[in-house]
Amino acid sequence: FFFVYFLCVVADMSSVAQTLFIWMDLALKGVAMMRVKAHQRRVCKAVKSKDADLSFCYEKLQKVSRSFAGVIMALNDQVRDAICIFYLVLRGLDTIEDDMSVPLDVKVPELLAFYEKLDQPGWKIDGIGEADERELLENFDAVIRSYAKLPAHLQEPIADICRKMGEGMAKSVQREASEVVQTIEEYEMYCHYVAGLVGHGLSRIFAASGLENPSIGTELDVANSMGLFLQKVNIIRDYLEDIVEEPPRMFWPKEIWGKFSDDFHAFKKPEHREQAVKCLNAMVNDALKHIPDCMTYMSKLKDPSVFQFCAIPQVMAIATLAKLYNNEQVFMGVVKISKGLACQLMMDCGNMCSLLKQFHRFMTDLLTSAQQVEPDAKIITKLQELLECNAALQKSEKEKLNALRASNSSLSFFLLTYCAGIVASAIQGLKASIFPAVEIPAAKPVVAEAAACQ
């Protein structure tokens with residue numbers, strides 16, 4: 001493909017080259033999707049053979065998670081089961097919070113006491129949620145049994161985060177019934193309860209497992225900020241899905257949208273589309289402020305599987321944010337990146353250098369769009385600063401890699417020389433054992449022989 005594409009470019013066959021480029025892109029995305037699916041099947045097959053309850057957890061994980069199933073299954077064995085169960089526990093809690101048909105007098109007590117169910121064998125609940133989420137809660141006893149098999153040091157952060165998140169959700173649903181989110185502070189507090197706390201829990205599990213430094217489990221501000229970044233992208237993307245709920249769910253803060261309209265519902269109407277898109281761009285600009293914290297957190301991780309687990313959602317978030325910017329489709333449907341691109345990103349962010357390159361790629365796309373739409377906007381200055389920081393980090397990472405390669409080269413040369421000496425010595429010893437030295441008698445001096453004859 002690449003060879004033919006190069007020939008087409010040289011021969012100035014631009015249309016053929018463009019077609020080949022599209023085919024190459026599709027082929028790469030297809031290969032990435034197949035690799036991700038194959039890995040998921042291998043994990044599920046291995047789990048099925050050892051534990052029926054855990055097998056249910058992984059099967060349900062693939063059905064209720066749009067993006068996290070693949071990254072969870074790629075984790076190190078030491079934390080994979082704990083993270084899978086952690087996700088399902090929080091998904092069950094989230095299903096109760098999301099079901100607008102559940103009366104508040106039922107929903108609030110369930111949210112507050114949900115963490116206690118983890119220590120109640122056989123507990124499950126019917127009639128809440130839809131489709132796979134409903135099935136998860138109807139068979140939640142399997143999740144509880146799997147949770148009970150985890151070591152105590154991994155159970156503790158799961159139960160604690162579930163408790164804190166339930167308390168935050170209970171406050172939120174009671175507020176939702178009467179008022180909108182007023183300030184950016186309130187907006188970020190909601191994001192903290194539903195996503196920042198997830199970052200806290202994951203960090204504590206990574207530290208407790210021994211895969212990461214204990215400081216990861218205690219320095220939680222950047223973990224919280226990383227969760228806020230992911231949640232803000234989801235909230236921006238889901239405007240229409242949330243606003244058509246009954247009653248409507250309004251997470252965008254009035255501190256931002258109030259600058260563009262007196263009515264948050266008006267954004268979904270075609271006649272208010274221009275102001276809606278301006279508000280959308282302001283929301284994207286607000287989300288960008290969390291990127292430095294994301295990079296700080298990622299730079300502290302040392303386990304490759306944990307790094308990739310954390311990197312993949314970040315890359316998908318920045319890719320989605322680039323697609324959301326100035327996109328009026330947000331007010332007509334749900335904007336998503338393609339599955340092929342998602343799988344391709346999953347396979348190409350295994351270290352800090354590749355992560356920085358991906359962020360640079362999508363932030364550059366954002367900057368290009370912003371320069372065309374809002375030449376004097378603050379978002380341009382922010383993106384330029386982020387790209388400068390990104391370039392500096394990439395340079396630093398390359399220097400680290402070069403130093404490591406140089407160190408490895410010196411070590412390899414030393415080991416090669418040492419091994420060569422050992423081999424030479426072994427060959428010499430072998431030669432001596434096969435061909436033993438023969439002692440040759442000393443020759444008599446000619447002068448001595450002549451004297452003897454006389």
Side-chain angles (χ1 to χ4, degrees), residues 47 50-65 68-69 72 79-177 190 192-206 208-209 217 227 231:
V47 169
K50 66 177 185 178
D51 192 299
D53 289 326
L54 204 54
S55 176
F56 167 82
C57 289
Y58 280 102
E59 287 175 5
K60 196 52 62 180
L61 174 69
Q62 292 183 79
K63 292 180 180 178
V64 300
S65 170
F68 282 106
I72 289 173
V79 293
R80 183 193 296 145
D81 294 347
I83 300 296
C84 172
I85 293 163
F86 183 42
Y87 181 89
L88 292 179
V89 167
L90 299 187
R91 192 55 183 258
L93 182 67
D94 186 61
T95 301
I96 295 173
E97 191 240 359
D98 276 347
D99 192 334
M100 304 306 287
S101 67
V102 180
L104 281 179
D105 60 343
V106 174
K107 180 180 289 190
V108 171
E110 287 293 345
L111 291 172
L112 292 172
F114 194 78
Y115 77 99
E116 297 174 350
K117 313 302 186 200
L118 298 175
D119 294 318
Q120 296 179 17
W123 182 88
K124 49 191 172 182
I125 190 168
D126 297 333
I128 295 180
E130 297 179 357
D132 292 309
E133 283 80 6
R134 180 184 287 252
E135 287 182 18
L136 171 64
L137 287 174
E138 289 174 347
N139 297 276
F140 204 75
D141 51 331
V143 178
I144 292 172
R145 285 192 295 272
S146 297
Y147 168 82
K149 296 169 189 173
L150 293 174
H153 65 277
L154 297 180
Q155 288 182 2
E156 189 273 329
I158 295 175
D160 185 49
I161 295 301
C162 182
R163 176 184 62 80
K164 291 177 179 177
M165 188 176 288
E167 291 171 356
M169 286 180 170
K171 291 178 184 177
S172 175
V173 295
Q174 291 177 85
R175 176 203 54 76
E176 283 177 28
Y190 171 78
H192 162 73
Y193 280 124
V194 299
L197 284 173
V198 178
H200 286 199
L202 291 172
S203 297
R204 288 165 61 182
I205 290 172
F206 297 150
S209 70
Q231 186 62 24

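All residue numbers refer to positions in the sequence shown, counting from 1.
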Item to check | Pairing of Asp160 and Arg204 as salt bridge, 4.0 angstrom limit | outcome: yes

Checklist entry - Can we say Lys171 and Glu167 salt-bridge, meaning some charged N sits less than 4.0 Å from an Asp/Glu carboxylate O? => result no

Compare every heavy atom of [Y] with every heavy atom of [X], then report the nearest pair and how far apart it is.
{"X": "Asp119", "Y": "Tyr147", "answer": "OD1-CE2, 4.1 Å"}
{"X": "Gly227", "Y": "Ala195", "answer": "O-CB, 3.3 Å"}
{"X": "Ser146", "Y": "Cys57", "answer": "OG-SG, 3.6 Å"}
{"X": "Val173", "Y": "Ala170", "answer": "CG2-O, 3.3 Å"}
{"X": "Glu97", "Y": "Ser172", "answer": "OE2-OG, 4.3 Å"}
{"X": "Leu104", "Y": "Pro109", "answer": "O-CD, 3.9 Å"}

Supply the atom-to-atom distance [X] [atom1] to [Y] [atom2], rounded to the nearest 0.5 angstrom.
{"X": "Ile125", "Y": "Asp141", "atom1": "CD1", "atom2": "CG", "result": "13.0 Å"}
{"X": "Ile128", "Y": "Phe140", "atom1": "CD1", "atom2": "CZ", "result": "11.5 Å"}
{"X": "His192", "Y": "Met165", "atom1": "NE2", "atom2": "CE", "result": "9.0 Å"}
{"X": "Leu61", "Y": "Phe56", "atom1": "CG", "atom2": "CZ", "result": "11.0 Å"}
{"X": "Lys107", "Y": "Leu112", "atom1": "NZ", "atom2": "CG", "result": "12.5 Å"}
{"X": "Arg80", "Y": "Tyr58", "atom1": "CZ", "atom2": "OH", "result": "5.5 Å"}

Is any side-chain heavy atom of [Y] closer than 4.5 Å to one of [X]?
{"X": "Ile83", "Y": "Ile205", "value": "yes"}
{"X": "Leu202", "Y": "Ile161", "value": "no"}
{"X": "Met169", "Y": "Tyr193", "value": "no"}
{"X": "Tyr87", "Y": "Ser65", "value": "yes"}
{"X": "Leu154", "Y": "Asp81", "value": "no"}
{"X": "Val89", "Y": "Ile85", "value": "yes"}

Checklist entry - Between Ile144 and Gln120, is a side-chain contact (heavy atoms from CB on, under 4.5 Å) present by the stated rule, with each step listed? => result CA-CA 8 Å; Ile144 292 172; Gln120 296 179 17; 5.5 Å; no

Checklist entry - Do Asp99 and Glu133 pass the side-chain contact (heavy atoms from CB on, under 4.5 Å) test, and can you show the C-alpha distance, the side-chain angles, and the key distance before you say yes or no? => result CA-CA 10 Å; Asp99 192 334; Glu133 283 80 6; over 6 Å; no

Checklist entry - Can you check side-chain contact (heavy atoms from CB on, under 4.5 Å) on Leu88 and Val64, steps first, answer last? => result CA-CA 9 Å; Leu88 292 179; Val64 300; 4.0 Å; yes

Checklist entry - Okay, side chain of Glu138, backbone of Lys124: is any donor-acceptor separation there less than 3.5 Å? => result no

Next on the checklist: Take a 6.0 Å sphere around CD of Glu130 and say whether it holds more than 12 heavy atoms from other residues, nucleotides or ligands.
Outcome noted: no

Item to check | side-chain contact (heavy atoms from CB on, under 4.5 Å) assessment of Leu90 paired with Phe114 | outcome: CA-CA 10 Å; Leu90 299 187; Phe114 194 78; over 6 Å; no

